[in-house]
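Below is one structure, written out as structure tokens, with a few remarks after it.
Throughout, protein chains are lettered first and strands after them, A, B, ... in sequence-line order, and every chain is numbered starting at 1. Since the structure is predicted, the reported quantities are computational estimates derived from the model, not experimental observations.
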Protein chains: 2
Amino acid sequence: MPVTIRDVARQARVSVSTVSRAISAPDLVRADTRERVLEVVRGLGYQPNPAARSLITGRTGNLGIVVPDLGNPFFPSILLGVQARAREAGNSVFFCDSGQDGVTEEELIRTMARQVDGVVVCASELDDGRLAELASLTTMVLVNRALPGLPSVMMDSASGMAAVVGHLAALGHRRCAYLGGPGRSWSTQARRRGLREAAARTGLSVLELGPFEPTFRGGAQGVEQALAAGVTAVVAYNDLMALGVLNRLQQLDVAVPERISVTGFDDILYAAMCGRPLTTVTMPAEEAGRAAVELLLDQLDNGATAAVPKLKELPTSLVIRATTAAPAGPTIS
Amino acid sequence: MPVTIRDVARQARVSVSTVSRAISAPDLVRADTRERVLEVVRGLGYQPNPAARSLITGRTGNLGIVVPDLGNPFFPSILLGVQARAREAGNSVFFCDSGQDGVTEEELIRTMARQVDGVVVCASELDDGRLAELASLTTMVLVNRALPGLPSVMMDSASGMAAVVGHLAALGHRRCAYLGGPGRSWSTQARRRGLREAAARTGLSVLELGPFEPTFRGGAQGVEQALAAGVTAVVAYNDLMALGVLNRLQQLDVAVPERISVTGFDDILYAAMCGRPLTTVTMPAEEAGRAAVELLLDQLDNGATAAVPKLKELPTSLVIRATTAAPAGPTIS
DNA sequence: TTGAAAGCGCTAACAG
DNA sequence: CTGTTAGCGCTTTCAA
């Protein structure tokens with residue numbers, strides 16, 4: 001049987017209210033009383049029951065986070081940032097993986113809503129309406145997804161993709177293929193937008209393929225089509241796909257970057273580790289996690305103070321490694 | 001203001017207890033009454049307050065899990081298994097990353113202890129005494145770590161490592177280097193034990209190096225020593241390290257597997273994705289996660305029924321891919 | 001500065 | 001089968 005506030009009160013010869021104050025509002029208690037109480041607290045190893053506390057304060061001290069795919073190392077990085085910032089603020093974190101499925105995602109958010117003070121939703125699959133509805137259940141911050149009325153943290157994918165295209169164009173490429181990610185998501189659209197704008201600006205012609213699963217397999221699947229189209233570069237929606245592309249290309253004995261250049265997106269750890277380090281776009285995932293919690297705490301503390309919900313945009317940047325080069329001359333093509 | 005059980009009771013014209021029963025013990029309520037109540041529940045969107053419920057039942061419906069490093073894809077896999085099984089059983093899961101630090105680990109477990117019904121601790125860094133102490137705070141199941149008196153799930157690392165050694169010996173290797181992981185952990189010891197036994201049995205001589213950080217960097221760091229010793233194979237503590245080895249070897253222009261064979265352990269996704277698919281040992285991570293929750297729930301439901309805490313051992317298996325081959329003949333050496 | 005008392009929303013005896 | 005009652009452990013007025 002765990003020790004309760006009464007045990008402490010009795011042993012310290014004070015009332016329970018004094019114990020309560022000594023813990024959560026120390027300056028309301030005279031120094032020596034407080035000392036005595038805290039002494040007993042330590043001695044007994046007393047820890048307030050969070051359920052009881054939450055029942056009355058309405059706060060749980062917990063934060064939730066939903067990600068679409070823990071298997072994509074990009075998301076563990078966000079989690080790490082979330083956990084770090086949450087702990088600094090004395091919160092614990094609940095996590096869930098929605099498996100990139102909207103129905104599961106909604107279910108998870110509903111379940112969490114009652115148990116946490118607020119929730120961070122990453123790369124939501126949900127449509128605006130449903131998301132707005134869920135947002136009314138709890139305090140919510142979005143990552144890589146915008147919705148009017150909700151604070152969000154965005155990584156500037158459009159610019160990142162533009163940088164990729166610029167890089168390829170500068171290298172002398174004229175035709176490349178884009179292996180697109182899943183249809184609906186904000187990330188998909190932002191990346192495509194950056195791609196198109198930069199393509200138009202630089203005169204690089206882009207063949208858009210897909211959508212594909214944003215995985216190793218998905219990337220491998222897109223390779224034949226790209227090859228058939230005779231492009232000199234393949235731009236993948238994300239690193240996992242790019243790794244798939246690289247792998248398939250190697251199987252087909254197509255030299256990278258000599259015959260074909262390949263780029264990824266996210267800069268997961270493995271992008272730099274694989275046989276041929278991948279040219280990709282760095283996303284400040286951990287920082288985004290921290291920023292999301294920051295926004296959440298802000299909203300929790302200040303309530304509706306901020307008339308306009310905050311949008312935090314984080315910069316991305318191109319990392320040129322070993323999978324991009326000038327295209328082979330026309331003799332080879 | 002969220003809707004409470006009283007709102008439901010009032011609108012359904014029953015007492016709160018009937019509502020409570022209709023929800024958590026439906027067969028104690030007459031069918032038509034139950035129908036009426038659940039109707040109102042749905043209409044109002046009522047969801048019981050978990051804090052209040054937990055206050056009285058003593059159960060939170062939450063499970064916790066502590067892993068040493070979310071950045072190692074092996075652990076997200078375990079998490080996935082944990083979440084899957086937990087959800088089936090109607091539980092949510094709290095996660096924490098200890099950053100491979102014992103002090104943090106203890107702190108996290110203590111924090112969780114009050115908020116969850118039980119906790120899964122993976123690859124604990126803690127010594128037996130401290131771990132036992134923490135186990136007294138909550139229901140605990142260990143993964144890849146044993147402690148008398150606690151249920152645990154183990155992946156049979158020793159056999160896996162023995163298979164690696166056997167494979168290398170069969171290929172004709174006589175001398176190999178082992179790049180060991182961090183000093184204390186159970187995994188480290190189990191793998192080393194398997195290594196030594198099999199080495200003795202097969203006559204393969206093993207040079208034990210390290211300990212190293214169980215990361216990409218750690219692996220890369222061990223390469224020069226191994227090379228200097230003139231071995232024909234490098235056995236890494238885990239895949240991350242093996243990937244580091246591969247990378248460094250490539251920088252040094254040492255052909256794999258022609259000049260030197262390399263093996264990993266864990267079979268993380270990237271092991272199969274990298275330029276040269278890695279020979280490694282598959283660990284049933286997700287299954288281990290599920291099994292751990294199983295044991296946890298078991299213990300939660302049956303209390304001390306099981307006199308002897310359960311140990312569940314999961315098999316591992318060698319996956320031969322492209323980084324191992326027969327050693328080069330003496331002419332090359 | 002401290003204590004007494006009133007619940008937070010729910011479940012679990014215990015009656016009826 | 002259903003209602004009444006008594007708290008779970010804590011915070012928070014309100015008085016002293």
**OP:** Spell out protein contact along nucleotides 11-16 of chain D as letters: B when the base is contacted, S when just the sugar-phosphate is, - when no protein heavy atom is under 4.0 Å; keep the 5' to 3' order.
**Re:** BBB---
Original post:
So, is B:T33 close to the D:dT2 phosphate, meaning a side-chain N or O under 4.0 Å from OP1 or OP2?
Top reply: yes
Original post:
Counting any heavy atom closer than 4.0 Å, what does B:S54 reach on the DNA or RNA strands: base, sugar-phosphate only, or nothing?
Top reply: nothing
**OP:** Would you mind reading off the distance between B:R114 atom CZ and D:dC10 atom C1', rounded to a whole angstrom?
**Re:** 11 Å
Original post:
Of the options B:L296, B:L134, B:V66, which is the one that meets B:M140 in a side chain to side chain contact (heavy atoms under 4.5 Å, CB included)?
Top reply: B:L134
**OP:** Mind calculating the distance between CD (B:E35) and P (D:dC1) to the nearest angstrom?
**Re:** 15 Å
Original post:
With distance as the sole test, does B:Q83 use its side chain to make a donor-acceptor pair with the main-chain N or O of A:D97 at under 3.5 Å?
Top reply: yes
Subject >> Considering all heavy atoms, the nearest B:L142-B:L131 contact >> reply: CD2-CD2, 4.1 Å
Subject >> Euclidean distance, atom CZ of residue A:R13 to atom C1' of C:dG3 [Å, nearest integer] >> reply: 16 Å
**OP:** Send over the distance from B:L44 CG to C:dG9 P, rounded to a whole Å.
**Re:** 14 Å
Original post:
Looking at B:R110 and B:E133, does any basic side-chain N land under 4.0 Å from a carboxylate oxygen?
Top reply: yes
Side-chain polar contacts of residues 41-55 of chain B - donor-acceptor pairs under 3.5 angstrom, sequence neighbours left out - could you list them?
residue, atom, partner, partner atom, Å
B:R42, NH2, B:E39, OE1, 3.3
B:N49, OD1, B:A51, N, 2.7
B:N49, OD1, B:A52, N, 3.2

Subject >> Gap between atoms CZ and P, on B:R10 and C:dG9 respectively (whole Å) >> reply: 12 Å
Original post:
Rounded to the Å, how far apart are B:L28 CG and C:dC14 P?
Top reply: 16 Å
**OP:** Take the protein atom CG of A:N49 and the nucleotide atom P of C:dG9, then report the distance between them rounded to whole Å.
**Re:** 17 Å
**OP:** Locate the shortest heavy-atom distance separating A:S98 from A:L108; write the atom from each residue and the value.
**Re:** CA-CD1, 3.9 Å
Original post:
Roughly how many Å is it from CG in A:L55 to P in C:dG7, rounded to a whole number?
Top reply: 14 Å
